[in-house]
Amino acid sequence: MTAKTAAERKRGERERKKLKEEERLARLLSRRITLDLFKGTDAKLIRSMERAGIEEPQDLITRLIHGADRLSDKALAELIRL
């Protein structure tokens with residue numbers, strides 16, 4: 001049996017890390033949502049991300065969902081009324 005090179009060890013480490021990440025996501029994810037946005041809505045999403053200092057749309061959407069869940073029924077109804 002020959003010793004592995006540094007590159008082989010690093011490749012194996014990356015493969016193990018990727019597998020661990022896939023396993024972690026498989027345990028945590030409930031479902032995936034595909035979302036089509038109109039231009040105006042997308043612009044508001046981008047502006048909200050900039051205002052909040054958030055770089056990923058999923059991060060902002062997740063925070064908004066959790067924040068909305070803490071609202072009273074009345075406050076939620078007022079928020080989603082367009």
Side-chain angles (χ1 to χ4, degrees):
M1 179 187 213
T2 61
K4 290 184 179 182
T5 66
E8 290 171 329
R9 285 192 302 276
K10 190 65 173 176
R11 188 178 318 113
E13 180 183 329
R14 282 192 301 269
E15 289 172 2
R16 286 188 302 277
K17 187 175 181 180
K18 181 180 176 186
L19 182 59
K20 287 179 187 176
E21 179 66 12
E22 288 172 358
E23 290 172 349
R24 183 184 76 80
L25 286 175
R27 283 193 310 270
L28 295 176
L29 288 179
S30 174
R31 64 180 165 149
R32 183 172 305 274
I33 297 175
T34 301
L35 183 63
D36 296 325
L37 297 176
F38 291 104
K39 291 178 183 178
T41 302
D42 189 39
K44 290 176 189 274
L45 173 63
I46 292 167
R47 189 172 67 233
S48 295
M49 289 168 50
E50 289 170 353
R51 291 174 62 197
I54 295 174
E55 295 181 8
E56 295 293 328
Q58 181 174 330
D59 187 16
L60 177 65
I61 292 167
T62 298
R63 291 171 189 236
L64 290 171
I65 291 169
H66 284 268
D69 189 54
R70 290 193 299 265
L71 296 174
S72 67
D73 291 346
K74 181 180 177 184
L76 178 61
E78 290 174 11
L79 175 67
I80 62 174
R81 194 170 316 139
L82 295 177

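Computation of the quantities below employed the complete heavy-atom set of this structure, encompassing side-chain atoms and omitting hydrogens, waters and symmetry-equivalent molecules.
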For this session: Just do the salt bridge (Lys or Arg N to Asp or Glu O under 4.0 Å) check on E13 and K10 with the steps written out, would you?
Result: CA-CA 5 Å; E13 180 183 329; K10 190 65 173 176; 3.7 Å; yes
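- Residues forming a side-chain contact (heavy atoms from CB on, under 4.5 Å) with T62 (at least two apart in sequence, or on another chain): Q58, H66.
- The distance from atom CG of L35 to atom CD1 of I61, rounded to the nearest 0.5 Å, is 6.0 Å.
- Put simply, L37 and M49 are part of the same group of oily side chains (I, L, V, M, F, W, Y) that touch within less than 4.5 Å, one to the next.
- L25 belongs to a hydrophobic cluster with L29, counting contacts under 4.5 Å between side-chain heavy atoms of Ile, Leu, Val, Met, Phe, Trp and Tyr, direct or through other members.
- Pairs engaging residues 32-59 under the salt bridge (charged side-chain N to carboxylate O under 4.0 Å, His left out) rule: D59-R63 [sequence neighbours left out].
- Considering CD1 of I54 and CG of L64, their distance stands at 7.5 Å, rounded to 0.5 Å.
- Looking only at side-chain heavy atoms (C-beta outward), D69 and I65 stay at 4.5 Å or farther from each other.
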